[in-house]
*Asks:* 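Let me give you the structure first, and then I'll get to my questions.
Position 1 is the first residue of the sequence, and the numbers go up from there.
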Amino acid sequence: MNASVHETKSGHGTAPGSAPGPGAPAARVRGATLRTRGGLSLRVDVRAALVGLALAAVALGMGVVLIGTGDFSMAPGDVVRTLFGGGTTIQDYIVNELRLPRVLVGLLVGASLGLAGALFQSVSRNPLGSPDVVGFGQGSAAGALTVIVLFRGGPNEVAAGAVAGGLLTGLGVYALAWRKGVHGYRLVLVGIGASAMLSAVNGYLLTKADLVDASRAMVWLTGSLNGRDWGQVVPLACVCAVVLPLVLGHARELRMLEMGDDSAYALGVRVERTRLVMVLGAVVLTAAATSAAGPVAFVALVAPQLARRLTRATGPNLLPAALMGAALLITADWSAQRLFGADQLPVGVVTGVLGGCYLLGLLITERRAGRI
């Protein structure tokens, strides 16, 4: 298939189709349009594409480093060779059975949370809109705690409880925020109230648990990748394989939705249908990620914001946000294992500290700008 590439540029004081005059600022390449002989075209933001490739390289590189980290350390070259079937029997067991599932869960959880955060921030048109803030994570935690404390379920039952709790919370928040349609600020306010109530429910469940169940629940609530195996990888990968194409297929409508409901209606977007699909996608991704690794804090809030700052592109930035989430979580897990000596912290502790600092800075910035 032959394709031609046309660069799209932006300049100041230059009419379309004319050359810039003397002293005019240089035009900056914003994107490229790929056109095929069949009439199909695809516009690619060059900077966003390069940022996405860089983030993917960071995530995969840190994944290789993390696989080689532990009591039985391995060089990155040995890890790569073992992944392609060239290692010894011991290396094959350590890499493919013990450490690779943990890294894959980290990558998938980070990508799911980053994508969920981008979806919700775009729908709510609020940088504070995040599954962490509006209660989706707390709902998943409530479902898991119910299974742990009241039914003493195993890992599979806890995962199912987390998914059910997240879905019920998402549908409840959406229904309570509905008033001739759903607006972003109402969705955020209702979600914050739901998060506070669910936090109280979770605290009550912990007080009713015995010592063993309470200890088990606290480890799960922190957010951790310890002990993850292929049983968590496969379901999470299936969820991502279904939800990712669905939300990417609505990226154009989501971009228009950020301009406001009236503008989106005028452009032919089915606003409420699109908003419901996006919120449902964010809820499913959050619930699946929480069921696999617990409620890992602040990745969904921070990743879309960092991705937007790097790409400098308008719109939801869905793929960069997902890749940023994967890179953040894998890097945080490596930091939790290597930067605190003999004490290996759960990854949720590291993301909580970093995310709390970022949230404080974001609130200060929004206040100075007069938006809160």
*Asks:* Quick check: does any side chain N or O of D210 sit under 3.5 Å from a backbone N or O of D213, one acting as donor and the other as acceptor?
*Replies:* yes

*Asks:* Could you tell me if D92 and T82 have a donor-acceptor pair between their side chains, going purely by distance under 3.5 Å?
*Replies:* no

*Asks:* What I want to check is whether the side chains of Q138 and N202 have a donor and an acceptor closer together than 3.5 Å.
*Replies:* yes

*Asks:* Check whether T290 reaches the backbone of G137 with its side chain - one donor and one acceptor, N or O, closer than 3.5 Å.
*Replies:* no

*Asks:* For R47 and T311, work out which heavy atoms get closest and say how close.
*Replies:* CD-O, 3.1 Å

*Asks:* Is it true that a side-chain atom of R216 and a backbone atom of V149 form a donor plus acceptor pair closer than 3.5 Å?
*Replies:* no

*Asks:* Mind checking whether S112 and V239 have side chains closer than 4.5 Å, heavy atoms only?
*Replies:* no

*Asks:* Distance-only, no hydrogens or angles: does the T207 side chain make a donor-acceptor pair with backbone N or O of Y204 under 3.5 Å?
*Replies:* yes

*Asks:* Closest heavy-atom contact between V233 and P101?
*Replies:* CG2-O, 3.6 Å

*Asks:* Indicate yes or no for a side-chain donor-acceptor contact from Q91 to the backbone of T88 under 3.5 Å, with no hydrogens or angles considered.
*Replies:* yes

*Asks:* Where the side chain of S140 meets the backbone of A162, is there a donor-acceptor pair that is under 3.5 Å apart?
*Replies:* yes

*Asks:* Between the side chain of R228 and the main-chain N/O of A292, is any donor-acceptor distance below 3.5 Å?
*Replies:* yes

*Asks:* Atom CG in L115, atom CG in L319: separation rounded to 0.5 Å?
*Replies:* 8.0 Å

*Asks:* With heavy-atom distances below 4.5 Å as the criterion, would you say the side chains of L354 and T351 are in contact?
*Replies:* no

*Asks:* Is the shortest side-chain heavy-atom distance between L345 and T222 below 4.5 Å?
*Replies:* no

*Asks:* Look up atom OG in S215 and atom CG in L206, then write down how far apart they are to the nearest 0.5 Å.
*Replies:* 10.0 Å

*Asks:* What about V353 and V296, same hydrophobic cluster or not, with Ile/Leu/Val/Met/Phe/Trp/Tyr joined at side-chain heavy-atom distances under 4.5 Å?
*Replies:* no

*Asks:* So, does S122 use its side chain to make a donor-acceptor pair with the main chain of L119 at under 3.5 Å?
*Replies:* no

*Asks:* Is there side-chain contact between L145 and L221, with heavy atoms separated by less than 4.5 Å?
*Replies:* yes

*Asks:* V134 versus L187: any side-chain heavy-atom pair under 4.5 Å?
*Replies:* no

*Asks:* Please answer whether the main-chain N or O of T331 pairs with a side-chain N or O of S335 as donor and acceptor at a distance below 3.5 Å.
*Replies:* yes

*Asks:* Do L254 and V123 come within less than 4.5 Å of each other through their side chains, counting heavy atoms only?
*Replies:* yes

*Asks:* Please check: side-chain N/O of Q305 versus main-chain N/O of V302, any donor-acceptor pairing under 3.5 Å?
*Replies:* no

*Asks:* If you take all heavy atoms of A59 and I330, which pair is closest and at what distance?
*Replies:* O-CG2, 4.3 Å

*Asks:* To check you understand the geometry: which heavy-atom pair defines the closest contact between A321 and A303, and what is its length?
*Replies:* O-CB, 3.8 Å

*Asks:* Can you check whether R186 reaches W178 side chain to side chain, under 4.5 Å on heavy atoms?
*Replies:* no

*Asks:* For F72, does the CZ atom have more than 12 heavy-atom neighbours from other residues, nucleotides or ligands under 6.0 Å away?
*Replies:* yes

*Asks:* Look at D229 together with R102 and state whether they make a salt bridge at an N to O cut-off of under 4.0 Å.
*Replies:* no

*Asks:* Within this structure, what is the CZ-CG distance for the pair F120 and L285, rounded to the nearest 0.5 Å?
*Replies:* 13.5 Å

*Asks:* Out of L323, N317, L318, which one pairs with P320 under the side-chain contact (heavy atoms from CB on, under 4.5 Å) rule?
*Replies:* N317

*Asks:* Hey, are the side chains of V79 and L83 touching, using non-hydrogen atoms and a 4.5 Å cut-off?
*Replies:* yes

*Asks:* Specify the closest pair of heavy atoms between L55 and A327, including all atoms of both residues, with the distance to one decimal.
*Replies:* O-CB, 4.2 Å

